[in-house]
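These notes are about the structure you will find just below.
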Amino acid sequence: DARHNLGSIMVVAGRLEEARSVLGAALEGRKLAYGAQHAKVASTLNSIASIGFTQGKYDEALLAYTEVAERFRVARGGPHVSVADALANRGRALTGLERFEEADAAFEEAIAMLEPLVGTEHLSFAEALSGRANSRALAGDPKTAAELYARTLEIRRRGLGPAAPRTLRTELALAQAQRQAGRLPAARSRVRAVLEVLDLDENIAREAHLELGWVEVSAHRPSAARRAFESALEGANAEAVAADTTLLEAQSWLATHAATP
């Protein structure tokens with residue numbers, strides 16, 4: 001158990017390869033100590049799967065999360081929050097592989113399992129909804145994504161508060177889906193409401209200005225788009241811009257769309 005805890009600390013610290021080695025040893029130790037089907041074995045395997053997912057090794061993560069779900073199913077004796085969470089993680093790995101229909105099925109299974117276990121107001125339920133929303137957005141289905149983000153948003157508003165970072169980022173995700181679905185006034189209004197939040201985190205403010213910029217681009221309002229993108233880039237040094245594709249895209253748009261005299 002000590003090795004599992006150490007590996008988990010390394011994951012949080014970003015020392016992923018070291019964590020993988022330590023957790024691998026912890027996995028073998030737990031199998032010997034508790035048996036291969038014990039929940040603690042599934043928990044360690046879940047941590048290893050998360051490393052693969054973080055590193056973009058989605059095939060590896062998918063195999064591991066599938067095994068995690070089955071091990072938790074055996075260990076818990078059937079449906080359980082830990083099983084549903086593993087199914088949702090499996091959906092995220094499938095999304096990373098662009099296997100969107102399979103991902104949708106995994107998220108739907110997780111959501112159906114969570115509803116009778118925790119209810120539709122629980123934050124775990126919101127996590128599964130959000131995962132499915134992200135997947136549908138990437139699959140080119142912004143209408144369904146917007147519906148799912150809206151449901152997620154209501155749960156997070158009540159459970160975390162309207163100004164919590166997770167809530168505000170869900171507002172922006174919903175705005176993006178609305179923009180992609182052609183609902184530009186709704187998207188613009190939502191982003192502006194985020195920007196009016198008191199003591200807004202600077203990273204969230206930057207994300208909001210970026211989204212507002214793309215709303216205005218979609219609305220063929222270049223001057224408004226320029227103002228939004230310039231606000232997003234304000235205070236960001238060259239290194240920060242180079243490391244962030246969203247800022248690079250905004251900078252590129254500004255470079256190719258000269259200001260009107």
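Contact record, T152 with A126: CG2-O, 3.7 Å, taken as the closest heavy-atom pair. Of all heavy-atom pairs between T44 and R30, the closest is OG1-NH1, 3.0 Å. Shortest non-hydrogen contact noted between G52 and A61 is C-CB, 4.2 Å. When every heavy atom of A112 is checked against every heavy atom of P116, the shortest pair comes out as O-CD, 3.1 Å. Scanning both residues, G235 and R206, for their nearest heavy atoms gives C-NH2, 4.3 Å. Nearest heavy-atom pair across L160 and T167 is CB-OG1, 3.8 Å.
Between V191 and H209, every side-chain heavy-atom pair lies at or beyond the 4.5 Å cut-off. Side-chain contact between T95 and F107 is present, with at least one heavy-atom pair separated by less than 4.5 Å. Looking only at side-chain heavy atoms (C-beta outward), L233 and L254 come within less than 4.5 Å of each other. Between R179 and W214, the closest side-chain pair of non-hydrogen atoms falls below 4.5 Å. In this structure, V68 and F72 have side chains that are in contact, with non-hydrogen atoms separated by less than 4.5 Å. Contact annotation: the side chain of L6 never approaches that of L23 to less than 4.5 Å [non-hydrogen atoms, C-beta and beyond]. Looking at W253 and P222, their side chains come closer than 4.5 Å, going by heavy atoms from C-beta outward. Within the 4.5 Å cutoff, the side chain of V81 has heavy atoms near those of the D85 side chain.
No salt bridge links E230 with R227; every basic N to acidic carboxylate O contact stays at or beyond 4.0 Å. Taking a cutoff of 4.0 Å between a charged side-chain nitrogen and a carboxylate oxygen, E127 and R166 qualify as a salt bridge. E60 and R20 are joined by a salt bridge, as a carboxylate oxygen and a charged side-chain nitrogen come within less than 4.0 angstrom of each other. Residues K143 and E147 are paired through a salt bridge, judged by an N-O separation under 4.0 Å between the basic side chain and the carboxylate.
No more than 12 heavy-atom neighbours from other residues, nucleotides or ligands sit within 6.0 angstrom of CZ on R183. Crowding of E234 atom CD: a count of heavy atoms from other residues, nucleotides or ligands under 6.0 Å not exceeding 12.
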Yes or no on side chain to side chain donor-acceptor pair (under 3.5 Å) for N134 and Y149, after CA distance, side-chain angles and deciding distance?
CA-CA 8 Å; N134 294 339; Y149 280 131; 2.3 Å; yes
When you look at R157 and E171, which way does the side-chain contact (heavy atoms from CB on, under 4.5 Å) test go after all the steps?
CA-CA 10 Å; R157 278 177 177 168; E171 295 270 16; 2.8 Å; yes
Assess whether side-chain contact (heavy atoms from CB on, under 4.5 Å) is satisfied between L212 and F229, documenting all intermediate values.
CA-CA 8 Å; L212 182 58; F229 287 144; over 6 Å; no
Please assess R99 against L62 for the test side-chain contact (heavy atoms from CB on, under 4.5 Å), listing each intermediate value before the final yes or no.
CA-CA 11 Å; R99 291 162 57 179; L62 175 60; 3.6 Å; yes
Passes side-chain contact (heavy atoms from CB on, under 4.5 Å), R169 versus N203? Steps please.
CA-CA 10 Å; R169 284 196 163 97; N203 290 321; 3.9 Å; yes
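Rounding to the nearest 0.5 Å gives a distance of 11.5 Å between CG of L27 and CG of N46. Interatomic distance, CG of L129 versus CG of L148, reported as 6.0 Å (0.5 Å rounding). With rounding to the nearest 0.5 angstrom, the CE atom of M113 is 13.0 Å from the OG atom of S124. Within the model, atoms OG1 of T120 and NE2 of H122 stand 11.5 Å from one another, a figure rounded to the nearest 0.5 Å. D244 CG to E207 CD: the interatomic distance, rounded to the nearest 0.5 Å, is 8.5 Å. Summarising the geometry, atom CG belonging to L16 is positioned 8.0 Å from atom OG belonging to S50; distances are rounded to the nearest 0.5 Å.
Both V197 and L195 sit in one connected hydrophobic cluster of ILVMFWY residues. Membership requires side-chain heavy atoms under 4.5 Å apart, directly or through other members. Linking ILVMFWY residues whenever their side-chain heavy atoms come closer than 4.5 Å, directly or via other members, places L117 and V83 in the same cluster. F53 and L94 fall within a single hydrophobic cluster, where Ile, Leu, Val, Met, Phe, Trp and Tyr are joined by side-chain heavy atoms under 4.5 Å apart, directly or via other members. Both L87 and V118 belong to a single network of hydrophobic side chains, linked directly or stepwise wherever heavy atoms of I, L, V, M, F, W or Y lie under 4.5 Å apart. One hydrophobic cluster, built from ILVMFWY side chains closer than 4.5 Å, cannot hold both L168 and L123; they sit in different ones.
A donor-acceptor contact shorter than 3.5 Å is absent between the side chain of S252 and the backbone of L248. Within the 3.5 Å criterion, the main-chain N or O of A175 finds no donor-acceptor partner in the side chain of R190. The closest donor-acceptor contact from the side chain of S43 to the backbone of A39 lies at 3.5 Å or more, if one exists at all. Checking side-chain atoms of S8 against main-chain N and O of H4 turns up a donor-acceptor pair under 3.5 Å. Under a 3.5 Å cut-off, the side chain of S21 and the backbone N or O of E17 do not form any donor-acceptor pair.
Checking each of R156, R158, R151 against E121 for a salt bridge (Lys or Arg N to Asp or Glu O under 4.0 Å) leaves exactly one that passes, namely R158.
Annotation: salt bridge (Lys or Arg N to Asp or Glu O under 4.0 Å) contacts of R136 (sequence neighbours excluded): E101, D141. Remark: E67 engages R71 in a salt bridge (Lys or Arg N to Asp or Glu O under 4.0 Å) (not counting sequence neighbours).
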